[in-house]
Asker: 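My questions will all concern the structure given below.
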Number of protein chains: 2
Amino acid sequence: MRTEAPTILDVARLAGVSTATVSRTLSSPDRVSEQTRVLVLDAVASTGYVANEMARNLRKKTSNSIGVLAPDLSNPFFSFIIAGIEQICGPRGFGVFVTEIGNTPNAKNKVVNMLASARADGFIVLDGMLDLSLLKARGNLEKRAPIVSACEWPSDETAPSVTVDNVGGSMQAVRHLAAMGHTKIGHITGPKENVLTAARIKGFKAGLESCGLTYDDSLIIEGDFSLDSGRLAAEKWLSMSDRPTAMFCASDREAFGFISRLAKAGVRVPEDVSIIGFDDIEVAAFFVPALTTVSQPRIDIGRAATQMLFGLIDGEIAPEDKRPQLDVKLVVRESTAPPSQDA
Amino acid sequence: MRTEAPTILDVARLAGVSTATVSRTLSSPDRVSEQTRVLVLDAVASTGYVANEMARNLRKKTSNSIGVLAPDLSNPFFSFIIAGIEQICGPRGFGVFVTEIGNTPNAKNKVVNMLASARADGFIVLDGMLDLSLLKARGNLEKRAPIVSACEWPSDETAPSVTVDNVGGSMQAVRHLAAMGHTKIGHITGPKENVLTAARIKGFKAGLESCGLTYDDSLIIEGDFSLDSGRLAAEKWLSMSDRPTAMFCASDREAFGFISRLAKAGVRVPEDVSIIGFDDIEVAAFFVPALTTVSQPRIDIGRAATQMLFGLIDGEIAPEDKRPQLDVKLVVRESTAPPSQDA
DNA sequence: TATGAGCATGTAAACGATTACATGCGGGCT
DNA sequence: AGCCCGCATGTAATCGTTTACATGCTCATA
């Protein structure tokens, strides 16, 4: 019962050829003769040989894998994105490394190390907060492994990224509300420093403006995308003297938290308030009421980011293709309705 | 602007020592003199040297990473588990490779290759359907990289796994319902072939029995854990002539789908039916109504599985520790209530 | 019949680390 | 003084591939 893995040398000996021939047979079969090809392939089959990735990678100076840096792996929002990434990587034989970078002080170090240690040929970062500039400082690490941001994007406006039309989506959301007759529309934001937060606020304002409504600071409630921040926002809303008749939430989870808290207070959606979310996570369609929301193509984001990353790795991306923006679409369900008369 | 990574040789030259000394300085600093230590460390700092993982791994015959095999990465259920896995791996400097194995015919091959190619030092498999026996056949691959199952478990009852008390949790669920006065309790199952499905049905029956209730086949509706299967189940329920007053769902998502469909039909939860889920995913507490459910410690599952895997990798697991079963607990919220009088 | 092209294959040098073994040196012991 | 031990370091083998280069063979061409 041998537990040691067979090496290319074992195969070579069994087939009676050199290791070079075995390697060639496996990587470019048409460079060896028919005769030796079957010899080698038989030997491979009978030994169960599979090339050792570490040796191969060392020699070829690759790692055959990419890294995904997420601020918080437990956030289900990322699962579809990661699934999209894997859909592209899998068939290529690329491994997908996931890491949580959180916001610990040594997170930066972790990233620098990953980059520098040649563990990955490229990176997809899902966290706009990560300061990519320190990689430039540190010996131009980006040159070794390209980085593309997805969903969120770094402050450097030229870095490759695949994002979504956040301002357009937000505009659509408030225009939908306005079209239904709402004039007093509030917004629950994301966390203050987040780029998405800013973009969605921008879209919110633009939407208001395009409908002739004026922006009112007192209708903004700060959140952080989480369920619980939605709940907290609901408490603020309940305590308002002159409540907005519709709320645009920067995430579906905020919307759920909001609606949930309101339900406990006997406030009905959409009869008493209309709610719109952002993301269209799976459960949105099955919430009670089914949530009207701005749908992000999360799988596609993952796929597009990965494809771009491969383009960068292979050195074949034109500058103008480096910041694609995917479309979102408003999906209207049951959490929005015209404002009630007595409001 | 050098873009090539510095090697250990660059550091050695700069410090005026041999590569062996550099390596020693980095891996066991107390084996070199104070004097050369600072010399080397300075050189490391000024070159920005980070050891190449591929070379290190090749030499040490490790990969410094583990693989996670999931049936479906887009399923948010796994996100917390993966987060737990990363929490243990990160600090150890281990990489976490995620792969979707799906149920394509070549999935098995994919797994065999991952195992054999020395890409990972061990694996955590989240899919009970994966037939681990083929790894034994193929040259005893398990010997090279241990495998632990999490959540689900393989048919081989001796393989390492960390699971949860599925039958106990299910029992608790139905006992809670029975205690509230329900006598006609139904169950929406998971997919037929799944081990969890069987375990939860077993617990369901045991719970019934322990309360003196009798199991009735016609009260079982087949689902597959998904939101949509919950919706479908609701339609079956609506069409029943003599409806159960309470349903135990094999997953929270089934429960959401179920409740959501019922709401559209004007059926209220818990007034008209009581519902219990399983999993306690994040949104459960914020659903309307907040879902009573059996809570699984998903992060802990990930952590425990990883710790066990490391134990196996280091060869220090006693046989009796190989199949720990974590506790679940019923968390009672608002989707359950005593049956209404007119039922 | 040389000659060269082209093919199939072998030989051996990388890739960049770790580590067994060798070396030299200083100091404590008898 | 002689011996040995242990410390700090260096030398070089090794991990398992890929691939540049060398080799030898066959065949078409001049």
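The basis for the numbers below is simple: all heavy atoms, side chains too, and nothing from hydrogens, waters or symmetry mates. A, B, ... follow the sequence lines: proteins, then strands. Residue 1 opens every chain. Quick caveat: nothing in here was measured; it's all calculated off a predicted structure.
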Asker: Could you pull out all residues at least two apart from D30(A) that satisfy salt bridge (charged side-chain N to carboxylate O under 4.0 Å, His left out)?
Answerer: none
Asker: How bent is the helix from dT1(C)-dA30(D) to dT30(C)-dA1(D), measuring the angle between the end axes built from five pairs each, rounded to 10°?
Answerer: 60°
Asker: Scan for side chain to side chain donor-acceptor pair (under 3.5 Å) pairs involving residues 69-81 of chain A, sequence neighbours excluded, and state none if there are none.
Answerer: D72(A)-S74(A)
Asker: Quick one: side chain to side chain contact (heavy atoms under 4.5 Å, CB included) partners of K60(B), sequence neighbours excluded?
Answerer: R56(B), T62(B)
Asker: Mind running a 4.0 Å heavy-atom check of residues 53-61 of chain B against DNA chain D and sending the residues that fall below it, in number order?
Answerer: L58(B), R59(B), K61(B)
Asker: For residues 62-96 of chain B, which residue pairs pass the ring-ring contact (aromatic ring centres under 6.0 Å, His included) check, not counting sequence neighbours?
Answerer: F94(B)-F310(B)
Asker: By the side chain to side chain donor-acceptor pair (under 3.5 Å) test, which pairs, at least two apart or in different chains, include something from residues 13-26 of chain A?
Answerer: S18(A)-T21(A)
Asker: Mark yes or no for whether T36(A), through its side chain, and V32(A), through its backbone, hold a donor-acceptor pair below 3.5 Å.
Answerer: no
Asker: Look at the side chain of S65(B) and the backbone N and O of R119(B), then say whether any donor-acceptor pair between them is shorter than 3.5 Å.
Answerer: yes
Asker: Does dG16(D) have OP1 or OP2 sitting under 4.0 Å from an N or O in the side chain of Y49(A)?
Answerer: no
Asker: Kindly write out the residues that satisfy salt bridge (charged side-chain N to carboxylate O under 4.0 Å, His left out) with R303(B), not counting sequence neighbours, or none if the list is empty.
Answerer: none
Asker: Going by the ring-ring contact (aromatic ring centres under 6.0 Å, His included) test, which pairs reach into residues 4-39 of chain A, not counting sequence neighbours?
Answerer: none
Asker: Taking only residues at least two apart or on different chains, which pairs with a member in residues 80-89 of chain B satisfy salt bridge (Lys or Arg N to Asp or Glu O under 4.0 Å)?
Answerer: K110(A)-E86(B)
Asker: In whole Å, I'd like the distance from the CD1 atom of I8(B) to the P atom of dT19(C).
Answerer: 11 Å
Asker: Could you run down nucleotides 4-9 of chain C 5' to 3' and tag each one B, S or - for protein heavy-atom contact under 4.0 Å?
Answerer: ----SB
Asker: Return the value, rounded to whole Å, for the distance between atom CG of N52(A) and atom P of dC15(C).
Answerer: 19 Å
Asker: Could you work out which one of dA12(C), dT17(D), dT18(C) sits closest to the side chain of A20(A)?
Answerer: dA12(C)
Asker: How close or far is atom P of dG16(D) from atom CZ of R144(B), stated in whole angstroms?
Answerer: 11 Å
Asker: Specify the separation, in whole Å, of atom CD of E4(A) and atom C1' of dC15(D).
Answerer: 11 Å
Asker: Starting from C1' on dT17(D), measure out to CG on L26(A) and report it in whole angstrom.
Answerer: 11 Å
Asker: Enumerate the side chain to side chain donor-acceptor pair (under 3.5 Å) contacts for residues 304-316 of chain A, please, sequence neighbours excluded, ordered by first and then second residue.
Answerer: none
